[in-house]
Protein chains: 4
Amino acid sequence: MTPPPVDQVRPRIEGDREQQILDAALAVLVEVGYDRLTMDAVATAARASKATLYRRWNSKAALVSEALVSRRGPLQTPDTGSLRGDLVAMFCGPHGMTDGSQTAMLAAVLTAVTRDEEFATEFRARFLEPKLALATAVFRRAQERGEVRADLDTDLIAPLLPSVAIHRHLMVGLPVDEEFIARVVDEVVLPLACPAGATGSTGSTDPR
Amino acid sequence: MTPPPVDQVRPRIEGDREQQILDAALAVLVEVGYDRLTMDAVATAARASKATLYRRWNSKAALVSEALVSRRGPLQTPDTGSLRGDLVAMFCGPHGMTDGSQTAMLAAVLTAVTRDEEFATEFRARFLEPKLALATAVFRRAQERGEVRADLDTDLIAPLLPSVAIHRHLMVGLPVDEEFIARVVDEVVLPLACPAGATGSTGSTDPR
Amino acid sequence: MTPPPVDQVRPRIEGDREQQILDAALAVLVEVGYDRLTMDAVATAARASKATLYRRWNSKAALVSEALVSRRGPLQTPDTGSLRGDLVAMFCGPHGMTDGSQTAMLAAVLTAVTRDEEFATEFRARFLEPKLALATAVFRRAQERGEVRADLDTDLIAPLLPSVAIHRHLMVGLPVDEEFIARVVDEVVLPLACPAGATGSTGSTDPR
Amino acid sequence: MTPPPVDQVRPRIEGDREQQILDAALAVLVEVGYDRLTMDAVATAARASKATLYRRWNSKAALVSEALVSRRGPLQTPDTGSLRGDLVAMFCGPHGMTDGSQTAMLAAVLTAVTRDEEFATEFRARFLEPKLALATAVFRRAQERGEVRADLDTDLIAPLLPSVAIHRHLMVGLPVDEEFIARVVDEVVLPLACPAGATGSTGSTDPR
DNA sequence: CAATAAACGAGACGGTACGTCGAGTCTTCCT
DNA sequence: AGGAAGACTCGACGTACCGTCTCGTTTATTG
């Protein structure tokens with residue numbers, strides 16, 4: 001699964017090496033959380049020196065930010081044919097809110113967002129907005145299909161699902177699983193989005 | 001009516017003194033944020049010693065937690081007569097989501113939640129659940145008034161508004177003001193909660 | 001042999017603790033030399049933290065200087081009755097030039113003398129001058145006894161023996177043992193110091 | 001008339017280039033001292049790369065050592081006709097102990113001698129022994145002239161002058177000037193070396 | 001009302017991590 | 001082919017903060 005090793009001994013920081021460091025950072029991040037992640041630990045895990053880390057990233061925040069983005073995965077637009085299917089696929093997939101490592105990273109990084117404005121800006125631009133844009137696109141497509149009423153305020157509805165998931169995970173402290181996601185979709189999102197009569201409370205398949 | 005002067009030199013920790021320390025902690029917290037808040041700084045600001053701080057609170061997290069709770073203020077059940085009025089009052093009041101210092105503290109404490117399970121438990125029990133219980137009570141009362149349909153899943157709907165507010169503040173980085181709260185209430189909460197025809201539409205369209 | 005432990009758990013730096021640290025510093029110094037002596041190593045060896053070291057000593061030089069002085073030992077004036085006996089006793093005794101650890105320290109510290117003027121000044125005043133004064137005193141006493149001619153320039157003769165010993169040890173790289181010291185005493189110092197006829201060129205025993 | 005290319009030892013680089021680097025090293029050494037001399041600084045000053053430096057010299061100590069030797073200059077046997085004249089000429093000449101830059105370099109190199117045995121061996125063979133051999137030769141020649149008694153232990157006497165000079169410079173911290181050298185020659189070396197009556201004590205006064 | 005025990009301020013302590021710098025190694029590019 | 005450039009690993013630097021601790025003092029409660 002690993003890419004063919006370019007140079008076992010000392011691959012320069014040229015993408016491969018950089019990704020190795022980012023992977024190490026993510027491993028440490030997931031293991032101990034953002035606050036307990038130390039640059040020494042990342043350096044040791046990556047068999048790099050702190051000097052190298054600081055040469056490439058100004059701060060711990062910058063390193064973690066880049067690491068998160070590197071693992072966001074290719075944002076693939078889900079296309080199950082129905083809004084419900086798309087939403088569930090998007091949030092319960094490998095990089096969704098039910099992905100433990102993903103939420104762990106999210107939790108870890110929220111810490112940094114609240115204190116480092118530079119990091120926050122970069123994190124929002126590179127990690128968050130692509131995700132939100134994707135969710136918005138899903139709704140737009142459903143509108144084009146006529147599945148969702150045309151006057152739906154997608155900017156308000158799209159963040160609904162991640163909002164609830166994050167709140168449940170971090171604040172309430174309860175797990176975010178597929179059952180919960182489905183419940184929110186069926187009882188909150190779809191009733192708001194779909195024309196009154198067509199509310200597919202069991203709408204796993206679209207009638208068409 | 002004022003309490004007897006607290007002794008300028010060395011007041012024992014007896015409620016008053018404790019509150020002074022918590023106030024000092026809050027002052028430092030608001031000024032520099034959670035991670036740059038040091039116990040030394042709090043001790044200095046409160047003219048106390050670190051030993052005193054640690055004698056009363058197990059950790060920085062516990063101290064900040066208590067400081068936050070101490071300023072949450074008495075939870076007053078809003079009673080404006082309508083669900084919409086109650087919700088807006090609750091979230092836009094002096095200790096609501098539009099209160100800058102309140103959200104700043106919330107952000108600060110998230111740091112601790114994600115790493116200290118003991119702290120998280122206490123924070124949830126003492127800070128979060130009272131708030132959620134209050135929100136749920138508001139919906140229950142609206143149900144009793146017949147303003148909201150009887151089969152509404154209040155456990156799902158009640159956290160909706162705080163979820164969205166927190167997401168917007170922390171993740172998206174946009175301000176949570178009364179206009180935004182009202183929008184969410186009118187376009188998300190009320191349509192879900194109220195019988196189709198009976199939407200508290202006084203707010204949904206802008207009659208001017 | 002150790003003084004009664006004042007406090008087994010954590011003796012404050014109050015002489016005992018300070019001496020423990022200085023002993024640790026000397027141990028490291030003798031083992032690896034001045035340049036490879038690191039504050040971390042001293043801290044570890046003394047089970048202290050670097051902060052503690054820097055709180056008490058401004059620099060590595062100051063710490064080593066103090067450590068050297070602490071181990072110079074009580075400068076006891078030798079009194080064997082003859083100049084030859086005094087000299088041999090002084091240089092071949094426990095803190096003399098044949099003491100391996102003493103010369104090791106000397107070698108180690110010479111490094112620092114050549115680059116840190118502050119250290120050099122302190123080292124000369126606290127370590128070197130007392131030693132030179134002692135040697136000069138030995139010659140003065142021999143003059144009073146009439147063993148040495150009265151017009152001997154003691155300031156020139158007193159440093160002779162240490163000079164030759166240091167040169168042999170550091171520069172030439174040969175061991176400085178009692179045999180060598182005796183040779184220098186018999187062939188250099190005594191011929192210069194003593195009246196022509198009385199030169200005990202084989203004067204291993206003092207005639208009295 | 002240019003001297004034949006010395007080279008021989010290191011065929012890779014042309015003597016000129018090597019000497020340029022050594023000159024650069026000396027310049028940096030004199031400017032900032034041994035410990036603040038960095039290989040980067042030498043490389044920059046010589047417009048060379050660190051790799052080139054390390055290809056030719058094992059360590060900073062080796063480089064500085066060679067730089068020192070390169071400036072020792074050709075050892076010219078002094079020939080003034082008298083032992084006293086030879087000694088003063090040898091030690092007060094351009095590369096003698098009164099040459100400030102020479103003693104400064106000597107101090108610098110002591111650092112390396114005390115920790116790197118390999119370097120010490122090379123330093124002794126290439127720098128020290130030629131000097132000692134020269135001093136010994138001076139005494140031998142004086143013996144042949146009958147100026148010095150035949151049974152003089154030259155191995156013990158020859159290092160005397162450098163020993164005292166080094167001790168005074170490094171340990172005592174006082175300047176080694178011609179006046180001091182002359183004093184040691186007249187009061188220590190000559191009385192030991194010359195037959196009682198023939199002591200070049202006239203040397204203190206200038207017979208002309 | 002003195003004596004005593006508890007709680008206090010002050011701050012040193014052992015640790016851990018910080019971000020920087022230099023030594024010595026190694027790779028890439030250029031001539 | 002070999003040197004300049006410079007990134008790399010390693011490890012020490014001196015500082016800051018954490019959470020623990022030992023002081024000596026102050027306060028409130030006892031005898």
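Numbered from 1 within each chain, the chains take letters A, B, ... in sequence-line order.
Protein atom CG of B/Leu53 is 9 Å distant from nucleotide atom P of E/dG9, rounded to whole Å. Between the P atom of F/dG3 and the CD atom of D/Gln20 lies a distance of 13 Å, rounded to the nearest Å. Rounded to whole Å, atom C1' of E/dC8 lies 15 Å from atom CD of B/Glu18. If you take CD1 of A/Ile21 and C1' of F/dC8, they are 10 Å apart, rounded to a whole angstrom.
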Could you list the protein-to-nucleotides 15-18 of chain F atom pairs, N/O on both sides, closer than 3.5 Å?
| from | atom 1 | to | atom 2 | distance (Å) |
| --- | --- | --- | --- | --- |
| F/dC18 | OP1 | B/Met39 | N | 3.4 |
| F/dC18 | OP2 | B/Met39 | N | 3.0 |

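Seen from the ring of B/Tyr54, B/Lys60 does not count as a face-on cation partner, given the 6.0 Å and 45° thresholds.
Listed pair B/Ser49 / E/dA10 fails the phosphate criterion, with no side-chain N or O lying under 4.0 Å from OP1 or OP2. The shortest distance between the side-chain N/O atoms of C/Thr52 and the OP1/OP2 oxygens of E/dG14 is below 4.0 Å. Residue B/Ser59 places no side-chain N or O under 4.0 Å from the OP1 or OP2 atom of F/dG19. Contact annotation: B/Arg47 does not reach the phosphate of E/dC8 (side-chain N/O to OP1 or OP2, under 4.0 Å).
In the set E/dG15, E/dC8, F/dT9, F/dT9 carries the atom at the smallest distance from any side-chain atom of A/Arg17.
Side-chain atoms of A/Ser65 do not come within 3.5 Å of backbone N or O of A/Ala61 as any donor-acceptor pair.
At a threshold of 4.5 Å between non-hydrogen side-chain atoms, the residues D/Leu29 and D/Leu68 count as touching.
A side-chain donor from one of C/Gln19 and C/Asp23 sits under 3.5 Å from a side-chain acceptor of the other.
Taking the nucleotide of DNA chain E with the nearest heavy atom to each of B/Ala46 and D/Asn58, the more 5' of the two is matched to B/Ala46.
With C/Trp57 as reference, C/Leu63 is the one residue of C/Val42, C/Val64, C/Leu63, C/Thr52 to meet the side chain to side chain contact (heavy atoms under 4.5 Å, CB included) rule.
Applying the salt bridge (Lys or Arg N to Asp or Glu O under 4.0 Å) rule to C/Arg55 yields no partners; only residues at least two apart in sequence or on another chain are considered.
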